[in-house]
Protein chains: 2
Amino acid sequence: MSDLTEEISSKSTRELILDEALHCFADRGYEGTSLNDIAAGVGIRRPSLLHHFPSKEALYTDVFEMLLSEWLEGLEVAMASPASGWDKAELVIRAGFDLFARTPDYVRIMRREALDSGVHVGVDLSGFLRPLFDNACAYFTAEMDAGHFRRHNAQHLIITGYGAILTYFSDAPFIDELFNDQALTPEHVRDHCDHVVAFFRAALVV
Amino acid sequence: MSDLTEEISSKSTRELILDEALHCFADRGYEGTSLNDIAAGVGIRRPSLLHHFPSKEALYTDVFEMLLSEWLEGLEVAMASPASGWDKAELVIRAGFDLFARTPDYVRIMRREALDSGVHVGVDLSGFLRPLFDNACAYFTAEMDAGHFRRHNAQHLIITGYGAILTYFSDAPFIDELFNDQALTPEHVRDHCDHVVAFFRAALVV
DNA sequence: TGCCCTACCTACCAGTAGGTAGCCAGTTAG
DNA sequence: CTAACTGGCTACCTACTGGTAGGTAGGGCA
């Protein structure tokens with residue numbers, strides 16, 4: 001019992017640090033975030049933070065691996081669905097929206113990582129995402145070959161969809177200003193999701 | 001004449017600094033770029049750089065204003081064209097691709113600025129872009145009302161297009177890895193442009 | 001010749017970054 | 001009861017940041 005309590009309290013501080021780090025890195029980027037910022041957000045001093053993580057880079061890598069595992073899990077479940085044709089595409093798009101709306105901070109970190117060419121993270125990003133990408137390519141190609149979808153270049157099609165969906169979350173503060181409203185309210189996210197689904201359906205389904 | 005020579009040499013150093021700063025800020029962001037980096041790229045010392053620009057922030061703002069004026073000029077010309085219907089939409093999309101392919105560093109800076117909510121730049125970003133945004137909204141709404149385009153939410157439609165086009169340039173290093181090829185070669189840019197045009201045409205044109 | 005100006009330099013400032021050493025209170029284990 | 005471990009702390013380090021002070025080489029000009 002005491003063992004468990006200690007474990008919980010230890011894990012709790014660690015998780016508090018991870019949560020705060022996630023938020024700071026998403027908000028101000030790797031270079032723009034100091035360990036002091038994160039420690040202050042948790043309510044401890046920097047050396048105490050470094051007691052839980054050996055370095056800033058290690059902390060960032062841990063945050064990023066949380067992101068990757070969450071994305072892989074969420075998207076693989078959707079892509080493994082037995083649905084087919086447009087139903088499956090819509091299912092994956094909506095799963096992506098759910099996932100990203102739940103964790104917009106992850107989206108912003110991923111965007112920053114893409115901009116920085118992954119210099120801060122030790123993991124092989126493309127190695128992680130390539131299977132998903134190839135899987136999606138194969139799916140669209142098969143559906144186009146079967147005549148269910150209009151013919152498009154599958155690779156470029158996926159990049160287009162990726163950009164269309166992620167941008168709404170990564171650039172939310174910017175969109176707030178253009179819309180003169182909060183982009184990330186559940187209503188607006190649903191509206192945008194419905195729009196993207198309708199848009200892609202119109203573009204794809206014969 | 002000697003006056004002119006002096007002017008030219010002065011302007012030249014200033015422009016070298018602006019060019020190097022543009023590249024560094026696009027590559028590593030505002031926080032990730034030091035004035036030493038920029039000065040070293042130009043081949044002078046930091047204090048000499050600060051002789052031409054009063055502060056890092058002022059330098060960044062100058063770079064960003066170059067970006068804004070180039071974008072406004074390029075896009076306003078396209079949007080002012082007398083074309084109508086799909087022809088005009090395609091013209092604007094292709095003008096955007098030309099513009100962004102010519103200056104991918106600008107795209108990455110704009111993306112970073114959207115992520116950072118514009119904290120580094122003193123200009124009113126949404127104030128600058130709102131007229132373009134409203135103009136595009138009005139255009140699409142009119143075309144949809146006239147029955148030339150399928151009905152979509154104009155605001156979300158523009159965000160979708162914005163994300164689809166910009167992502168290809170801002171995330172180019174990332175796409176390189178997924179494609180196992182250089183995304184920004186003229187051939188690939190043209191391919192992606194053709195794809196986006198065909199995709200949007202299929203989604204929009206009745 | 002003497003003066004001002006531009007563009008650069010070295011040397012330095014205060015502040016902050018990430019990271020380390022070592023102390024200390026509280027808990028746990030033997 | 002004591003020893004060990006935990007997780008926090010203060011104090012310190014080095015490296016580097018943006019920015020300033022002061023000096024200098026050299027061109028234009030009266």
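Letters go in sequence order (proteins before strands), and every chain restarts at 1.
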Separation of [N] [atom2] from [X] [atom1] (nearest whole Å):
X	N	atom1	atom2	value
B:Leu49	C:dT10	CG	P	15 Å
A:His52	D:dG8	NE2	C1'	8 Å
A:Phe53	D:dG8	CZ	P	11 Å

Under 3.5 Å, which donor-acceptor pairs do the side chains of residues 125-136 of chain A form with other protein atoms, sequence neighbours left out?
from: A:Ser126; atom 1: OG; to: A:Asp124; atom 2: OD1; distance (Å): 3.4
from: A:Ser126; atom 1: OG; to: B:Glu177; atom 2: OE1; distance (Å): 3.1
from: A:Arg130; atom 1: NH2; to: B:Glu177; atom 2: O; distance (Å): 2.7

Which nucleotide in C:dT10, C:dC8, D:dC9 has an atom nearest any side-chain atom of B:Arg45: C:dT10

Protein-to-nucleotide contact annotation, 5' to 3' order, nucleotides 14-26 of chain D [B base; S sugar-phosphate only; - none; under 4.0 Å, heavy atom]: ---SBBB------

Approximate separation, where rounding is to 0.5 Å, of A:Glu143 CD and A:Lys88 NZ: 8.5 Å

Geometric cation-pi criterion B:Lys56 and B:Tyr30, 6.0 Å radius, 45° cone: yes

For B:Trp86, all residues meeting ring pair (Phe, Tyr, Trp, His ring centres under 6.0 Å), sequence neighbours excluded: none

Parallel, tilted or perpendicular: ring planes of A:Trp71 versus A:Phe100, cut at 30 and 60 degrees: tilted

Mutual orientation of the aromatic rings belonging to B:Phe149 and B:Tyr139 [parallel < 30°, tilted 30-60°, perpendicular > 60°]: perpendicular

Phosphate contact (D:dG8 OP1 or OP2) by A:His51 side-chain N/O below 4.0 Å: no

Distance below 4.0 Å between B:Ser48 side-chain N/O and C:dC9 OP1 or OP2: yes

Residues in side chain to side chain contact (heavy atoms under 4.5 Å, CB included) contact with B:Ser69, at least two apart in sequence or another chain: none

Considering only nitrogen or oxygen atoms on both sides, find all protein atoms under 3.5 Å from nucleotides 23-25 of chain C and state each distance.
none

Which side-chain N or O atoms in residues 150-162 of chain B pair as donor and acceptor under 3.5 Å with protein atoms at least two apart or in another chain?
from: B:Arg150; atom 1: NE; to: B:Ala203; atom 2: O; distance (Å): 3.0
from: B:Arg150; atom 1: NH2; to: B:Ala202; atom 2: O; distance (Å): 2.8
from: B:Arg150; atom 1: NH2; to: B:Val205; atom 2: O; distance (Å): 3.3
from: B:Arg151; atom 1: NH1; to: B:Asp145; atom 2: OD1; distance (Å): 3.3
from: B:Arg151; atom 1: NH2; to: B:Asp145; atom 2: OD1; distance (Å): 3.1
from: B:His152; atom 1: NE2; to: B:Ala203; atom 2: O; distance (Å): 3.4
from: B:Asn153; atom 1: OD1; to: B:Gln155; atom 2: N; distance (Å): 3.0
from: B:Asn153; atom 1: OD1; to: B:His156; atom 2: N; distance (Å): 3.1
from: B:Thr160; atom 1: OG1; to: A:His195; atom 2: ND1; distance (Å): 3.3
from: B:Thr160; atom 1: OG1; to: B:His156; atom 2: O; distance (Å): 2.9
from: B:Tyr162; atom 1: OH; to: A:Asp171; atom 2: OD2; distance (Å): 3.4

